[in-house]
Amino acid sequence: MARKKHSSVEEEAQIDMTPMLDIVFIMLIFFIVTTSFVKPSGLDVNKPKASQSTQKKSANIFIGVSASGVIQMENRQVDIERVGANVERMLAEAPEAAVLIQADKEAKHGIIVKIMDQVKQAGIDKISVEADKD
């Protein structure tokens, strides 16, 4: 009979893994929700070289400009007059957004200035132009 009591004690000593799994799933959901996903412009551009360029990872809005003057935002082509409206829409989703312009080194300067003007009119002062380090 003493043997039977001993085996019931062993059965009671098992570890329940359910609370640990609950915590792991809650942490997984937290990290998925709080992660900000990078949305590249969708253009393959040949960026200009700059000896004083620095890395900035805080940009939320990417605008790509090809050598031929094609503007892309969120992997779709955008007309120059619609850049401001698109930036305003994205700004409503992320109020602390910054803009990163990924322009080809052969892109015309006037297009970049128009894009920067539209972005400023939309209400964003944090604008960066991407370049490769020399």
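Only heavy atoms go into these numbers, but all of them, side chains included; no hydrogens, no water, no symmetry mates. Here the structure is a predicted model, which is why all the values come from computation and not from measurement.
- The hydrophobic cluster containing Leu21 does not contain Phe30, counting ILVMFWY residues as joined when their side-chain heavy atoms lie under 4.5 angstrom apart, directly or transitively.
- Contact check for Asp79 versus Ile71: no side-chain heavy atoms found under the 4.5 Å cut-off.
- The nearest pair of heavy atoms linking Ala107 to Val65 is CB-CG1, 3.9 Å.
- Annotation: the span from Ile63 atom CD1 to Ile127 atom CD1 amounts to 8.0 Å, rounded to 0.5 Å.
- The shortest side-chain heavy-atom distance between Val24 and Met27 does not fall under the 4.5 Å cut-off.
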query: For Val99 and Lys126, what are the C-alpha separation, side-chain angles and deciding distance, and is it a side chain to side chain contact (heavy atoms under 4.5 Å, CB included)?
result: CA-CA 6 Å; Val99 172; Lys126 296 182 244 172; over 6 Å; no

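- Judged purely by atom type and a 3.5 angstrom limit, Gln102 has no side-chain atom pairing as donor or acceptor with the backbone of Gly64.
- For the atom pair CZ of Arg89 and CD of Glu93, the computed distance is 6.0 Å after rounding to the nearest 0.5 Å.
- Note that OG of Ser68 is 8.0 Å distant from CD1 of Ile111, once rounded to the nearest 0.5 Å.
- Nearest approach of Ala103 to Ile112, heavy atoms of both residues: CB-CD1, 3.4 Å.
- Residues Val87 and Met73 have side chains in contact (heavy-atom distance under 4.5 Å, counting atoms from C-beta outward).
- Counting all heavy atoms, side chain and backbone alike, Ile124 lies closest to Ala98 at CG2-CA, 4.4 Å.
- For the side-chain contact (heavy atoms from CB on, under 4.5 Å) with Val78, the qualifying choice from Arg82, Glu74, Glu81 is Arg82, the only one to do so.
- Closest of all the heavy-atom pairs between Gly84 and Gln118 is N-OE1, 2.8 Å.
- The shortest side-chain heavy-atom distance between Gln121 and Glu88 does not fall under the 4.5 Å cut-off.
- Side chains of Val119 and Ile61 form no contact here, defined as non-hydrogen atoms less than 4.5 Å apart.
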- request: Could you check Asn86 against Arg76 for side chain to side chain contact (heavy atoms under 4.5 Å, CB included), going step by step and ending with a plain yes or no?
  value: CA-CA 11 Å; Asn86 283 309; Arg76 60 185 173 84; 3.0 Å; yes

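- Taking CE from Met20 and CG from Asp22, the interatomic distance works out to 10.0 Å, rounded to the nearest 0.5 Å.
- When every heavy atom of Ala97 is checked against every heavy atom of Leu91, the shortest pair comes out as CB-CD1, 4.3 Å.
- When all heavy atoms of Asp16 and Thr18 are compared, the closest pair comes out as OD1-OG1, 3.1 Å.
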